[in-house]
Amino acid sequence: MNERTAGGAWPGSSARHGFWLRLRDFAARDTNVVIVSVILNNLLRAISGMVLTRLLVPEVFGISGVIASVQFTVALATDLGFQAFVVRQENGDERRFLDTVWTVALIRSLLLALTLAILAVPLAQAFGKPGLAPLIAASGLTFLVEGLSSTSLLTALRQRLILRLSALELIALVVQIATSAALAWAWGNYWAILGGILAGSALKAALSYGLFDNARRRFRLDRPTLKALWAFSRYVTGSSLIFLLISQVDKFVLAKLMPLDQFGFYILAGNLASAPLSFAANYASRVLYPAYAQLWRDGVKDLRDQFYGKRRLPGLLYGCATGGIIGSAPLIVGILYDPRYAAASGYLQILCISSLLALPSNAANEALTATGRISATLEASVVKLIWLTVAGISGYLVWGQFGLVLAVGLMEAPALGMKWLRMHLVGLLDLREELLFLAVGLAGALCGRIVSGVLSPLLG
């Protein structure tokens, strides 16, 4: 017969309670929250793609890609680095400080919306698609809605409220997808996608006040805060402009050269290729970088072995999975989309080459940065820009649009080569580990191709 302990608990109950506490703490760790949220985000976007591609024609996704590039361009060209500024400032929790940041962000959003309204017609004509002008102008509404959000979305990172922030973003994404699907069924055009974005942004703005304490803000312009923001943001804007050229030049050029349906295939392929990219970026910056920095601070002697030991297993799994996407692209597109979108598989295979190389490239970047070689990021950006200029123009002259897409897909290769050279010069490069990763990626691509060849005929 079981007997209770003197404290009134059944034997083993404290052990079970401790197990659940440890499990809860493990699940709530920042890195685990980031990984799970990335997975759920990509899963939801895949479901969205499956639904919307069956309700909308390819031209709609071409329109969406053009407008998203325009929005991204004007936003990044005026990037003031609000998130990094709030997180790092010593007085980042003070009301006067946060009121000023919120006010500046709201003014910026109003100006961006006005900019899109003014430039809508010239931009549409520049793309050779004048019918897009009303859509470009209307898309500025998203900036207005986002500008109304509380600065709690920034202070949440400062206060390590990653789980709550991730939940908010996922809830808003679910509403965006559901609204877009309902409007796509009713309207069958691009306005459905814009309506979904506005609905998700509005909910996110509302939750930014409802889910966090001290979220209410008022209009205020504090001179010391403005001075500090300017001193900080002028460097952010410069680096953002380089990133802008790298990330958007292909979309602007192809939007001009391609019919909207073909550009829609390219955009959908880019969305699929970004799924592994989001993991590579978050894993490198939020998991590897803190670990590498700690090893450097601790003066560990075998830094090279420690660096590769930290990334080995996740890196090999990533290489195999991303290689598998390259090999099985026709099968993936066939499962997710209807036959009208089959052409997206070729673009997906090319663009995923950069996705495959992103993890070793990002890991090398974090290793160099953690050991004080902070210029590696800028150098890599310059290398990518030179590559896109030379290889992009050459590829287009030789192979047309395919040559430009190929240059984009291979863009990460020269940057990775530059980082390998830098790591070799400081004794951090293990070429065997790097070649092992590439071999696993190639094996994953071959396996994916075999699986696709077997299963694709079964899909009809």
Please report the interatomic distance [atom1]([X]) to [atom2]([Y]), rounded to the nearest 0.5 Å.
{"X": "L123", "Y": "T73", "atom1": "CG", "atom2": "OG1", "value": "9.0 Å"}
{"X": "L153", "Y": "Y209", "atom1": "CG", "atom2": "OH", "value": "9.0 Å"}
{"X": "L368", "Y": "M418", "atom1": "CG", "atom2": "CE", "value": "8.0 Å"}
{"X": "I450", "Y": "S452", "atom1": "CD1", "atom2": "OG", "value": "11.0 Å"}
{"X": "S328", "Y": "L446", "atom1": "OG", "atom2": "CG", "value": "12.0 Å"}
{"X": "S180", "Y": "W191", "atom1": "OG", "atom2": "CH2", "value": "13.5 Å"}

Given side chains that start at C-beta, do those of [X] and [Y] come closer than 4.5 Å, heavy atoms only?
{"X": "L198", "Y": "T142", "answer": "yes"}
{"X": "I193", "Y": "L56", "answer": "yes"}
{"X": "L132", "Y": "Y190", "answer": "no"}
{"X": "D250", "Y": "V405", "answer": "no"}
{"X": "F212", "Y": "L168", "answer": "yes"}
{"X": "V451", "Y": "L331", "answer": "yes"}
{"X": "N271", "Y": "R45", "answer": "no"}
{"X": "S201", "Y": "I197", "answer": "yes"}

Check whether any side-chain N or O of [X] sits under 3.5 Å from a backbone N or O of [Y] as a donor-acceptor pair, and report yes or no.
{"X": "T369", "Y": "N365", "answer": "yes"}
{"X": "R220", "Y": "R95", "answer": "no"}
{"X": "R218", "Y": "D99", "answer": "no"}
{"X": "S354", "Y": "G409", "answer": "yes"}
{"X": "K129", "Y": "A255", "answer": "yes"}
{"X": "S139", "Y": "I136", "answer": "yes"}
{"X": "S149", "Y": "E146", "answer": "yes"}
{"X": "S355", "Y": "A273", "answer": "yes"}
{"X": "T100", "Y": "T225", "answer": "no"}
{"X": "T322", "Y": "Y318", "answer": "yes"}

Identify the two heavy atoms, one from [X] and one from [Y], that lie closest to each other, and give their separation to 0.1 Å.
{"X": "Q262", "Y": "Y347", "result": "OE1-OH, 3.4 Å"}
{"X": "G196", "Y": "Q176", "result": "O-CG, 3.2 Å"}
{"X": "A184", "Y": "A192", "result": "N-CB, 3.3 Å"}
{"X": "Y292", "Y": "A363", "result": "CE1-O, 3.6 Å"}
{"X": "A181", "Y": "V51", "result": "CB-CG1, 3.9 Å"}
{"X": "F279", "Y": "L359", "result": "CE2-CD1, 4.2 Å"}

I'd like to know whether CZ of R340 has more than 12 heavy-atom contacts from other residues, nucleotides or ligands below 6.0 angstrom.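 Counting other residues, nucleotides and ligands, CZ of R340 exceeds 12 neighbours.
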In this structure, are over 12 heavy atoms from other groups packed under 6.0 Å from R449 atom CZ?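 Counting neighbours around CZ of R449, 12 or fewer heavy atoms of other residues, nucleotides or ligands fall under 6.0 Å, so no.
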Do N42 and S278 pair up side chain to side chain, a donor and an acceptor below 3.5 Å, judged on atom types alone?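 Their side chains do contain a donor-acceptor pair, which is all the 3.5 Å distance test asks for.
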Quiz question: by atom type and distance under 3.5 Å, do the side chains of Y283 and N362 form a donor-acceptor pair?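 Note: Y283 and N362 side chains miss the donor-acceptor criterion.
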Stepwise side chain to side chain contact (heavy atoms under 4.5 Å, CB included) test for L226 and V104: CA-CA 9 Å; L226 290 174; V104 174; 3.5 Å; yes
Kindly indicate, with the supporting measurements, whether the criterion side chain to side chain donor-acceptor pair (under 3.5 Å) is fulfilled by S69 and Q248. CA-CA 7 Å; S69 293; Q248 296 302 307; 3.1 Å; yes
Can you tell whether the side chains of [X] and [Y] come within less than 4.0 Å, N to carboxylate O?
{"X": "E379", "Y": "K419", "result": "no"}
{"X": "R311", "Y": "E434", "result": "yes"}
{"X": "R54", "Y": "D338", "result": "no"}
{"X": "E412", "Y": "K384", "result": "yes"}

Take V60 and L52 through the side chain to side chain contact (heavy atoms under 4.5 Å, CB included) test and state the conclusion after the steps. CA-CA 10 Å; V60 171; L52 292 179; over 6 Å; no
Indicate the ring-plane relationship of Y341 and F265, choosing parallel, tilted or perpendicular according to the 30° and 60° boundaries.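 The rings of Y341 and F265 stand perpendicular, inter-plane angle above 60°.
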Do the ring planes of F402 and W399 sit parallel (below 30°), tilted (30 to 60°) or perpendicular (above 60°)?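 Judged by the thresholds at 30° and 60°, the geometry between F402 and W399 is perpendicular.
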Go through the steps to decide whether F72 and I67 satisfy the test side chain to side chain contact (heavy atoms under 4.5 Å, CB included), and finish with yes or no. CA-CA 8 Å; F72 186 81; I67 295 177; over 6 Å; no
For T115 and F143, run side chain to side chain contact (heavy atoms under 4.5 Å, CB included): C-alpha distance rounded to whole Å, both residues' side-chain angles, the deciding distance at 0.1 Å, then the answer. CA-CA 11 Å; T115 298; F143 289 122; over 6 Å; no
May I ask you to check whether F263 and F61 place their ring centres under 6.0 Å from each other?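 They do not qualify: ring centres at least 6.0 Å apart.
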